Amino acid sequence: MATLLRPIITRARIMSTRLRRASFVLLAAGWLGAAPVHAADYTDLWVVRTELGWGANVVQSDQFLFVTLFIYGADGKPTWYSADLVFDGTRFSGSLYASQGTYWPLVWNPAQSPPAKAVGTASFTPDALNPYQATLVYAVNGVGAVTKAVERLTLTAVPLGGVYLGGQSGGYSGCSASSNNGAYTDTFDLTVAHAAGAATWTFTYGTGATCTMGGTLEQHGQTYRIPAASYQCTGSLAFSTTATMYELKATSLGIEGRFAATLPNGCREDANFAAVLR
């Protein structure tokens with residue numbers, strides 16, 4: 001255990017003993033000035049909003065994407081392609097496949113369903129500024145290539161409210177006193193109030209400090225964002241500022257998200273959190 005108690009950072013939650021972990025890598029350049037320790041989850045339905053009627057289903061497994069395209073052939077009839085894409089540090093890329101099978105009302109016949117055939121290439125490049133937009137490119141040999149600026153499609157509002165128990169890992173950077181820079185971990189009780197397009201997170205930490213974050217939600221597919229969330233902490237050295245909350249997502253077991261904020265004395269905080277329902 002080491003102490004991250006620095007009077008220069010007036011935030012009650014960090015005015016307590018913190019566990020420094022050498023293996024924790026402070027967030028570096030990227031969206032909002034910080035690249036998350038783990039990549040965003042791009043599993044969602046992706047579309048061009050002005051071209052509804054076609055799209056791409058994206059399912060992510062670590063650094064791999066399986067993409068199915070529901071588009072239309074030269075005859076105007078529905079056409080499906082699939083793609084296996086692997087992340088190379090900047091984008092996901094790989095082969096595009098065409099499949100065929102038994103006419104759906106009939107009993108499945110393996111002889112009419114040969115293995116998928118590689119017919120081209122595809123790539124999915126996440127936007128450098130946010131995890132809600134991407135560039136989708138697919139090319140069919142001898143037919144043509146398409147480049148689309150796609151975004152997540154919101155189907156229904158996803159409720160976030162509940163009472164949770166969780167943990168948080170983050171770091172401070174850019175502080176006027178370099179000794180205040182470093183990583184931290186926390187555990188907390190969390191209550192989320194979600195109604196009328198807005199939500200408030202109330203974190204009660206093991207130290208006894210309480211921090212609240214919240215504001216008007218932007219929904220992008222399965223995820224939410226609050227670009228200018230209010231952010232206050234109580235305690236002997238309370239403060240009030242704003243934060244960007246992003247990749248806020250309800251999971252089957254609870255809730256997760258990230259946030260970034262500028263604190264007094266030039267410090268920047270970047271953190272990831274996750275919690276399970278109580």
Side-chain angles (χ1 to χ4, degrees), residues 31 39-61 64-87 90-101 103-105 116-160 194-199 215-227 244-252 255-258:
W31 186 54
D41 183 358
Y42 298 106
T43 299
D44 226 320
L45 177 60
W46 294 77
V47 300
V48 176
R49 288 190 177 274
T50 57
E51 301 176 7
L52 296 182
W54 75 273
N57 289 298
V58 176
V59 179
Q60 182 170 355
S61 177
F64 172 83
L65 298 184
F66 179 72
V67 180
T68 55
L69 299 169
F70 53 101
I71 54 180
Y72 304 94
D75 57 3
K77 294 182 179 180
T79 301
W80 286 70
Y81 289 101
S82 62
D84 294 343
L85 310 181
V86 178
F87 191 59
T90 302
R91 65 175 186 166
F92 297 84
S93 60
S95 297
L96 185 72
Y97 297 89
S99 303
Q100 66 183 63
Y103 179 42
W104 65 267
K117 179 181 179 181
V119 295
T121 59
S123 67
F124 181 92
T125 306
D127 191 286
L129 298 178
N130 63 61
Y132 313 121
Q133 297 175 327
T135 300
L136 174 67
V137 179
Y138 54 95
V140 178
N141 299 332
V143 177
V146 172
T147 298
K148 297 286 189 179
V150 294
E151 60 183 294
R152 297 175 189 256
L153 177 65
T154 298
L155 298 177
T156 64
V158 179
L160 300 175
H194 180 189
T216 301
L217 294 160
E218 294 178 359
Q219 187 174 358
H220 303 270
Q222 301 181 54
T223 64
Y224 286 99
R225 177 174 181 260
I226 303 179
T244 297
M245 302 182 73
Y246 58 106
E247 291 183 58
L248 305 169
K249 184 177 181 180
T251 69
S252 60
I255 196 169
E256 63 186 24
R258 310 181 196 273

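A quick note: this is a predicted structure, and the numbers were derived from the prediction, not measured.
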Exercise: identify the closest heavy-atom pair between [X] and [Y]:
X: Thr79; Y: Gly73; value: OG1-N, 3.0 Å
X: Leu96; Y: Ala83; value: CD1-CB, 4.1 Å
X: Ala250; Y: Leu160; value: N-CD2, 3.8 Å

Polar side-chain atom of [X] near backbone of [Y] as donor-acceptor pair, under 3.5 Å:
X: Thr216; Y: Ala198; result: no
X: Thr43; Y: Gln60; result: yes
X: Tyr81; Y: Val67; result: no

Next item on the list: Run through Tyr42, Phe64, Phe92 and flag the one making a ring-ring contact (aromatic ring centres under 6.0 Å, His included) with Phe87.
Entry: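 Of Tyr42, Phe64, Phe92, ring-ring contact (aromatic ring centres under 6.0 Å, His included) with Phe87 is met by Phe92 alone.
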Notebook entry, point to check: Run the side chain to side chain contact (heavy atoms under 4.5 Å, CB included) check on Tyr132 and Thr223 step by step: do they pass?
Noted result: CA-CA 8 Å; Tyr132 313 121; Thr223 64; 3.1 Å; yes
Notebook entry, point to check: Sequence neighbours excluded, which residues qualify as salt bridge (charged side-chain N to carboxylate O under 4.0 Å, His left out) partners of Glu256?
Noted result: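 Salt bridge (charged side-chain N to carboxylate O under 4.0 Å, His left out) list for Glu256, sorted by chain: empty.
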Checklist line | Lys117: salt bridge (charged side-chain N to carboxylate O under 4.0 Å, His left out) partners, not counting sequence neighbours | finding: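 Applying salt bridge (charged side-chain N to carboxylate O under 4.0 Å, His left out) to Lys117 gives none.
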Please tabulate, for side-chain N and O atoms in residues 151-159, each donor-acceptor pair with protein atoms closer than 3.5 Å (sequence neighbours left out).
from, atom 1, to, atom 2, distance (Å)
Glu151, OE1, Arg49, NE, 2.9
Arg152, NE, Pro131, O, 3.0
Arg152, NH1, Asp44, OD2, 3.0
Arg152, NH2, Asp41, O, 2.8
Arg152, NH2, Pro131, O, 3.1
Thr154, OG1, Gln219, O, 3.4
Thr154, OG1, Gly221, N, 3.0

Next item on the list: With sequence neighbours left out, write down each residue that passes ring-ring contact (aromatic ring centres under 6.0 Å, His included) with Tyr97, or none if nothing qualifies.
Entry: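 ring-ring contact (aromatic ring centres under 6.0 Å, His included) list for Tyr97, sorted by chain: empty.
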Measure the shortest side-chain to side-chain distance between [X] and [Y] over non-hydrogen atoms and say whether it is less than 4.5 angstrom.
X: Ile226; Y: Thr244; answer: no
X: Leu217; Y: His194; answer: yes
X: Trp46; Y: Leu136; answer: no

List the atom pairs, donor and acceptor, that lie under 3.5 Å between side-chain atoms in residues 51-59 and the rest of the protein, sequence neighbours left out.
from, atom 1, to, atom 2, distance (Å)
Glu51, OE1, Trp54, NE1, 3.1
Glu51, OE1, Lys148, NZ, 2.8
Glu51, OE2, Lys148, NZ, 3.4
Trp54, NE1, Glu51, O, 3.3

Margin query: Give me each pair satisfying salt bridge (Lys or Arg N to Asp or Glu O under 4.0 Å) with a member in residues 73-85, each pair once, sequence neighbours excluded.
Written below: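 Output for this query is empty, none listed.
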Next item on the list: Classify the ring geometry between Trp80 and Phe70 as parallel (under 30°), tilted (30 to 60°) or perpendicular (over 60°).
Entry: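 Tilted: the ring planes of Trp80 and Phe70 meet at 30° to 60°.
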